[in-house]
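Working notes, structure below.
Keep in mind the model is a prediction, meaning the values are calculated, not measured.
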Amino acid sequence: MTPQQIVAIGVRLFAVWLALTSITFFNITPATMEITGVKFDPNNYWFGAVHIVAALLLWFMPMAVAHKLLPRTQYENTMQAARVDLARVGCALMGLWLVARETPNLLWVIWKAMLLTGTPSLVSGFSAETKIELGVSACVLAIGLLFVFKASIFARIVVPETVEKL
């Protein structure tokens, strides 16, 4: 397997997970609207729809994503356990895991606040607890994206050149 194929597997797993999390938005939306007395609006289902669309794109184009995350190699360039390649793949997969774990949390906080605040300015209607949740989720998501898009830099930190020459 090439490093891109390994990352593509992670991308497809992320797509499955993303599709599964969309179920929450489709199931919870009617109940939340009923509890809060918000009038039914089909536009409130767009968070779940975005999850489904993203999952489909990731499922059908995992190699395109993998080639964006890692430099292209020839198919014959299979993994031969080069430390820096393994570290780069690990960093990219760890970043995908952080993004997969935190994206729904961030979207959930925003969606819940949109339904419950009822104010024109979304952020001003957030409680202090919601602002903290939003900040933490945004930070973890940013760290995950850094691991994904800067995997080579983190791999060089994890596996310095002096170690690789040994």
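For Ala100, the side chain to side chain contact (heavy atoms under 4.5 Å, CB included) criterion is met by Phe14, Trp17, not counting sequence neighbours.
Residues Phe149 and Val11 share a single hydrophobic cluster, defined by chaining ILVMFWY side chains whose heavy atoms lie under 4.5 Å apart. In the hydrophobic cluster analysis, where Ile, Leu, Val, Met, Phe, Trp and Tyr join through side-chain heavy atoms closer than 4.5 angstrom, Leu57 is grouped apart from Met63.
Of all non-hydrogen atoms in Ser22 and Ile52, the two that sit nearest each other are OG-CD1, 3.1 Å. Across all non-hydrogen atoms, the minimal contact from Phe147 to Met94 is CE2-CE, 3.2 Å. Ala66 and Ala8 make their closest contact through CB-N, 4.0 Å (heavy atoms, listed as atom of the first residue, atom of the second, distance). Across every non-hydrogen atom of Leu106 and Ser137, the tightest pair is CD1-CB, 3.8 Å. Smallest separation of non-hydrogen atoms from Leu58 and Ala15: CB-CB, 3.7 Å. Of all heavy-atom pairs spanning Ala92 and Ala151, the tightest one is N-CB, 3.9 Å.
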For this session: Would you sort out whether Leu141 and Leu98 count as a side chain to side chain contact (heavy atoms under 4.5 Å, CB included), showing the intermediate values?
Result: CA-CA 7 Å; Leu141 185 62; Leu98 285 172; over 6 Å; no
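Looking at Ile153, Val7, Leu70, Leu93 one by one, the single match for side chain to side chain contact (heavy atoms under 4.5 Å, CB included) with Arg88 turns out to be Leu70.
Leu107 is listed as a side-chain neighbour of His51, based on a closest heavy-atom distance under 4.5 Å.
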